Amino acid sequence: MKIKCTSFSTIKLGEETIRLSHTGVFKISLLNCYGYVWRGLRFGKRELKSARDLLFTTVFLIACYVLIILWGLSIKKYTNLLDGVWEMKSVLLTTVGIGLFSLNLRDIQTWRSQLKSQYYLRLLFEGEASESWRKLRILMFQKDAAIKMSEIRNYQQVTDESAVNSRINQTELRHILYDYSKFLKKYLNQLGSTQLAGGQGMSESYFNNSISLIRSVLTFDGQFDKAELLKFFNDLLLGFHSIINILSCPWRWDKKLDNRKLAVIKSTMKSQKLCPRTVAILNAKNK
């Protein structure tokens, strides 16, 4: 999300100019600077990783250059050691520089490819899972209970036991859970063949935990009471949101920073008319 400070009293959010107090603009400027510093440190970390990968090659090259310089001294090509070092400096620096650039370019391309795969995996997983959660919500809770899909998407645990239907079709419940278990297994297999940018092992762990939880319900022969059903629903919901959060980990820091900027804008914004799209952005909360 691009938020630019255009003057001492205005910022630009997307294509719209918003008037803020001077304090608000100052806070947004600080947050933007903080973002630039953090990204610079992240870039430096990648460079250090590339330098470590080149350490053996650099040491080997230096050893070869030392032998060549010593050989040059022995055949009178150089009058002293410094002449040889000065002549070899450009070759060494160019070789190491090209190596660092190539490794960094490769890492950036790999990272972007992994980010793209992870983004679409998360998007598809959350979208396809919504149908199972919709069916489960309708089956488990009474019609007059205020259990909305928005609450499920934002992970709000259900604490009202009286909201649970007193008579739940256990066969239909098992059918929904069986389909959801198959859905989780499909994405678990897809996860195994996809290299993620972050959270690979933890994502697989949460998938397996959710599948095990469903298996324990499917293999239970008796009837569930309301307290057991509510606990199961909340535990399964926690597993679902844990998967979403882990798959979102590469963007978590950026989204937290965006949320802090939006909070500053809303708290320091002067009275003005905004377009519907900007209002929606300000009212939204990145997960």
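Bear in mind the structure is a predicted one, so any value in this text is a computation, not a measurement.
- Atom CZ of Arg112 has 12 or fewer heavy atoms from other residues, nucleotides or ligands within 6.0 Å.
- Tyr34 and Leu262 end up in the same hydrophobic cluster when Ile, Leu, Val, Met, Phe, Trp and Tyr side chains are linked at under 4.5 Å.
- Rounded to the nearest 0.5 Å, atoms CD1 (Ile3) and CD1 (Ile265) are 4.0 Å apart.
- Across all non-hydrogen atoms, the minimal contact from Met140 to Leu229 is CE-O, 3.4 Å.
- Legend: salt bridge (charged side-chain N to carboxylate O under 4.0 Å, His left out) pairs involving residues 229-244, not counting sequence neighbours, sorted by first then second residue: Lys231-Asp235.
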Self-check item: Val264 and Phe26: CA distance, side-chain angles, deciding distance, side-chain contact (heavy atoms from CB on, under 4.5 Å) verdict
Solution: CA-CA 10 Å; Val264 170; Phe26 178 69; over 6 Å; no
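- The CD1 atom of Ile176 lies 6.0 Å from the CG atom of Leu136; values are rounded to the nearest 0.5 Å.
- Applying the salt bridge (charged side-chain N to carboxylate O under 4.0 Å, His left out) definition to pairs two or more places apart or across chains, none involves residues 16-27.
- Under the 4.5 Å side-chain heavy-atom criterion for ILVMFWY residues, no single connected hydrophobic cluster contains both Ile28 and Leu30.
- In the hydrophobic cluster analysis, where Ile, Leu, Val, Met, Phe, Trp and Tyr join through side-chain heavy atoms closer than 4.5 angstrom, Leu124 is grouped together with Ile246.
- Judged as a side-chain hydrogen bond (donor to acceptor under 3.5 Å, both in side chains), and not counting sequence neighbours, the contacts of Glu128 are Lys186, Tyr187.
- The shortest side-chain heavy-atom distance between Arg174 and Gln170 falls under the 4.5 Å cut-off.
- The shortest side-chain heavy-atom distance between Leu184 and Phe207 falls under the 4.5 Å cut-off.
- Summarising the geometry of Gly239 relative to Ser210, their closest heavy-atom pair is CA-OG, 3.8 Å, with the distance given to 0.1 Å.
- Note: the hydrophobic cluster containing Val164 also contains Leu213 (ILVMFWY, side chain heavy atoms under 4.5 Å, direct or indirect links).
- Between Glu172 and Leu139, the shortest heavy-atom contact is OE1-CD1, 3.7 Å.
- Looking only at side-chain heavy atoms (C-beta outward), Leu257 and Trp38 stay at 4.5 Å or farther from each other.
- The distance from atom CG of Asn208 to atom CG of Leu188, rounded to the nearest 0.5 Å, is 5.0 Å.
- Under 3.5 Å, the side chains of Lys261 and Asn32 contain a donor-acceptor pair of N or O atoms.
- Minimum interatomic distance between Ile214 and Leu177 (heavy atoms only, all atoms of both residues): CG2-O, 3.5 Å.
- Closest approach of Ser181 to Ile211, counting heavy atoms only: OG-CG2, 4.1 Å.
- Aromatic ring centroids of Phe183 and Phe125 lie under 6.0 Å apart.
- A 4.5 Å side-chain heavy-atom check between Ile244 and Phe240 finds at least one atom pair inside the cut-off.
- How far CD1 of Ile18 is from OG of Ser9: 12.5 Å, rounded to the nearest 0.5 Å.
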Practice problem: Determine, step by step, whether Phe232 and Glu228 satisfy the side-chain contact (heavy atoms from CB on, under 4.5 Å) criterion, reporting the C-alpha distance in whole Å, the side-chain angles of both residues, the deciding distance to 0.1 Å, and the verdict. | Solution: CA-CA 6 Å; Phe232 165 72; Glu228 290 172 329; over 6 Å; no
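- Of all heavy-atom pairs between Thr268 and Gly24, the closest is OG1-CA, 3.5 Å.
- The NZ atom of Lys135 lies 6.5 Å from the CG atom of Asp179; values are rounded to the nearest 0.5 Å.
- Looking only at distances, no side-chain donor or acceptor of Ser113 sits under 3.5 Å from a matching main-chain atom of Gln109.
- Tracing side-chain contacts under 4.5 Å through hydrophobic residues (I, L, V, M, F, W, Y), one reaches Ile243 starting from Leu121; they form part of the same cluster.
- Note that OG of Ser248 is 12.0 Å distant from CG of Asp254, once rounded to the nearest 0.5 Å.
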